[in-house]
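The figures here come from the full heavy-atom set of this structure, side chains too, leaving out hydrogens, waters and symmetry mates. Because the structure is a prediction, the values reported are computed rather than measured. Atoms within a ligand are numbered from 1 in the order they appear, just like the ligands themselves. The first residue of the sequence shown is numbered 1, and numbering continues consecutively from there.
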Amino acid sequence: MNTEEPEIRKGLNGVVVDTTKVSKVNPETNSLLYRGYPVQELAEKCSFEEVAYLLWHGELPTDEQNEEFCKAERSQRALEPNVKKLIDLLPTSSHPMDVCRTAASAMGASHPKAEDSSREANLAKSISLFAAFPAVVAYDQRRRRGQDVVEPREDLDYSANFLYMTFGEEQPPAVVDAFKVSMVLYAEHSFNASTFTGRVITSTLADLHSAVTGAIGALKGPLHGGANEAVMDTFEEIGIRKEESKEDAAARAKSWMEDALAQKKKVMGFGHRVYKHGDSRVPTMKAALDAMVKHYERDEILGLYDGLQAAMQEAKDIQPNLDYPTGPAFHLMGFDTPTFTPLFVASRITGWTAHIMEQAEDNALIRPLSAYSGPDERHVGK
Ligand code: CMC
């Protein structure tokens, strides 16, 4: 009998389960590369469509490839009537992530190549999910506000059209750019919980939509994607006072954080399983948040941001993660807080599907072992 205790890494912490060519997270150098390109450079120089193409194909598109790709994306943006009907059946009190999960599942069930998991079919499914998801997220926020669906505009790029479909009017370039930056930064992050979920589902040879649907479920939790909403809940709990000075807002935020930490609370938007010296995406998203604060003249938001961050730094030396600047940036753009994680979904569909295709192309069923810790063998006494 083997008496040696197996080594258990709770939460798979530190366990390397496979290789990937999609992205590289290096916490030591605080860098994140998508297919070799620093994410900061992609956020500054590329459209989100180019980044999606890069994640799926491994290379940035040529002008011709980009044109063809954008044409395909723009032609598949409308909300499918069946998906709209299904969304309308869900109560407006349901969480928008539940709406996303249902929509992704429905899109799979009605896909003409539902059971085809060839590279070609998976790529086509990825493009259609990428193209159509803004319509789902935008419509769901609108119906909660008692507003009707807005049809997509083929003359706008992905980010501008996403905002247009949500708010019913074109947004200024500064807002479109900050939104695009958030989409690029959220697109991919190696074997995080939702991506790993998608890879596990793919490893059983289930279809791409099943894997994306499962990934959406994993992303919902506040320890993962749900943190961007939770950040805004914190801001709301502290109280957003539009006319307040940045300094006063910072002081109130600081004392809120001191109380929270004294009560041993986990404050969402801080800390990361991989980055222990700061999240590489934060400086780029913080610059986008600064641009939004300037655009909307809302200095008090920055006061709350700075106050919380300073108090966390002082007390625990824990750094903000991407969800920390993204939450208030989405708020300033006009999104309702429960829509924040669905925005993450719309972006991360690109990374998830890149991983799903990678997993499918070199598959091994993901099936780890467990060490049993229940009662010894016993028998039913009758
Ligand atoms: N607030 C207060 N204390 C914290 C926090 C936080 N946000 N994060 C970590 N700590 C403390 C934690 O209490 C523990 O302290 P101690 O050793 O005294 O018990 C120590 O830091 C280590 O924390 P951990 O939870 O064991 O570390 P982990 O690597 O398992 O957790 C994490 C990473 C992201 C789950 C955690 O930092 C957390 O819960 N953060 C808040 C949720 C959040 O913002 N999630 C978004 C993650 S980034 C976006 C994404 O990829 O989805």
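For the pair His295/Leu332, no side-chain contact is recorded, criterion being any heavy-atom separation below 4.5 Å from C-beta on. Residues Tyr324 and Asn228 are not in side-chain contact: their nearest non-hydrogen atoms beyond the backbone lie 4.5 Å or more apart.
Below 30°, between 30° and 60°, or above 60°: for His272 and Tyr275 the angle between ring planes is between 30° and 60°, a tilted geometry.
Dense packing is recorded around CD of Gln65, with more than 12 heavy atoms of other residues, nucleotides or ligands lying under 6.0 Å away.
Between Lys84 and Glu80, no side-chain nitrogen of the basic residue sits less than 4.0 Å from a carboxylate oxygen of the acidic one, so the salt-bridge criterion is not met.
Screening residues 160-181 for side chain to side chain donor-acceptor pair (under 3.5 Å) gives Arg153-Glu170 as the qualifying pairs, with residues at least two apart or on separate chains.
Around ligand 1 you find Pro222, Leu223, His224, Gly225, Ala227, Lys265, Lys266, Val267, Met268, Gly269, Phe270, Gly271, His272, Arg273, Lys276, Met312, Lys316, Ile318, Asn321, Asp323, each with a heavy-atom distance below 4.0 Å.
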